[in-house]
S.K.: 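Below you'll find the structure I mean.
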2 protein chains.
Amino acid sequence: MESMTIGKVARFAEVGVETVRFYEREGLIAEPPRRESGYRQYPVETVSRIRFIKHAKELGFTLKEIRELLSLQIDSEATCDDVRKRAEAKILDIEEKLQALERMKMALINLVKSCRGRAPVSECPILEAMEDGNDGIRRVDI
Amino acid sequence: MESMTIGKVARFAEVGVETVRFYEREGLIAEPPRRESGYRQYPVETVSRIRFIKHAKELGFTLKEIRELLSLQIDSEATCDDVRKRAEAKILDIEEKLQALERMKMALINLVKSCRGRAPVSECPILEAMEDGNDGIRRVDI
DNA sequence: GTACACTCCGTACCATACTACAGAGTCAAG
DNA sequence: CTTGACTCTGTAGTATGGTACGGAGTGTAC
């Protein structure tokens with residue numbers, strides 16, 4: 001068995017059947033071959049593709065961005081150079097996200113620490129911790 | 001000058017005026033004091049609060065989750081212990097996101113590398129790289 | 001050979017997170 | 001003391017990313 005029905009793909013990828021069709025319409029997964037009856041026949045790889053989409057969404061990527069990520073491959077339409085450039089741009093995006101997440105994590109760790117020490121905690125500690133190095137702007141003049 | 005109009009807050013936080021009001025309605029920022037005219041008077045901290053909301057959204061947090069993050073503070077309603085527990089849970093969420101992002105970054109770095117070496121590149125390299133350790137499920141049986 | 005779960009397509013509906021008015025009042029620079 | 005930018009409330013509309021039918025055909029296990 002090399003192929004799966006839409007229902008199986010959906011169950012394994014932990015999404016609804018409608019979502020699979022939706023992703024097809026949106027160009028996130030390829031239109032699969034069909035049986036004579038019209039039933040879609042998916043290759044097993046579709047499951048990991050949909051899982052990837054799910055994860056990327058949880059990381060704040062839009063479907064448009066995910067489409068771009070998934071299209072980072074060399075084919076008749078894209079040269080090596082082109083793909084490399086696009087991949088490098090995505091790496092920068094990801095590094096920004098990583099840094100913001102790290103800051104958020106540190107803020108929470110500090111919060112937990114000060115909570116354990118029963119030290120007085122400021123009004124909104126997570127916010128204050130995030131402020132150091134938020135986006136290079138330190139001060140706001142009215 | 002310790003306070004700002006809604007327009008200034010919006011400009012500094014790089015969102016629309018309507019968005020500031022929307023966040024107020026949604027309980028993400030406090031209802032500010034008003035002038036006699038009814039004009040809102042925001043403390044400067046509101047700007048970083050809104051910036052935080054923006055960043056957290058870009059990291060895939062929903063407004064509901066962001067509300068929870070911002071409420072991680074000790075006050076009359078929340079004990080130290082309670083806050084610590086919630087913060088620890090959020091740290092785990094964040095670590096999952098960090099790991100997924102790291103995997104995605106590595107996949108892209110490998111893609112760039114293989115592109116530079118002019119080596120043959122697989123159909124969808126980012127996907128393949130992400131598959132090692134996606135969510136503990138390695139194999140799909142049909 | 002018939003239940004019953006599954007699939008098809010199309011359309012409509014939903015939640016989230018804004019965004020854009022309308023109509024009226026306010027502020028401040030010249 | 002006016003003019004133009006700003007603010008107010010309320011309501012309506014939009015984009016994204018699904019989710020849920022309805023009505024009809026298909027697959028398969030007993």
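The sequence lines fix the lettering, A, B, ..., with proteins before strands; numbering per chain opens at 1. Fair warning: this is a prediction, and the values are worked out from it, not measured in the lab.
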S.K.: Quick one: does B/Phe22's side chain get under 4.5 Å of B/Leu63's, heavy atoms only?
M.R.: yes

S.K.: If you assign each of A/Val15 and B/Arg40 to its closest nucleotide in DNA chain D, which residue comes earlier from the 5' end?
M.R.: B/Arg40

S.K.: Could you list the residues that satisfy salt bridge (Lys or Arg N to Asp or Glu O under 4.0 Å) with B/Glu95, not counting sequence neighbours?
M.R.: A/Lys105

S.K.: Tell me whether A/Lys64 is salt-bridged to A/Glu68, with the criterion being a basic N under 4.0 Å from an acidic carboxylate O.
M.R.: yes

S.K.: Find out whether the Lys NZ or Arg CZ of B/Lys97 is both under 6.0 angstrom from the six-membered ring centre of B/Phe61 and within 45° of the ring's axis.
M.R.: yes

S.K.: Indicate yes or no: does A/Glu18 engage A/Arg21 in a salt bridge with an N to O separation below 4.0 Å.
M.R.: yes

S.K.: Each nucleotide in nucleotides 17-30 of chain C should get exactly one letter: B, S or -. Can you fill that in based on protein heavy atoms under 4.0 Å?
M.R.: BBSBB---BBS---

S.K.: Which heavy atom in B/Lys54 sits nearest to a heavy atom in B/Glu14, and how many Å separate them?
M.R.: NZ-O, 3.2 Å

S.K.: Could you tell me the boundaries of the chain A footprint on DNA chain D, defined by atoms under 4.0 Å from its heavy atoms?
M.R.: D/dG17 to D/dG27

S.K.: Tell me whether A/Asp81 is salt-bridged to A/Arg84, with the criterion being a basic N under 4.0 Å from an acidic carboxylate O.
M.R.: yes

S.K.: Salt bridge between B/Arg40 and B/Glu31, side-chain N to carboxylate O under 4.0 Å?
M.R.: no

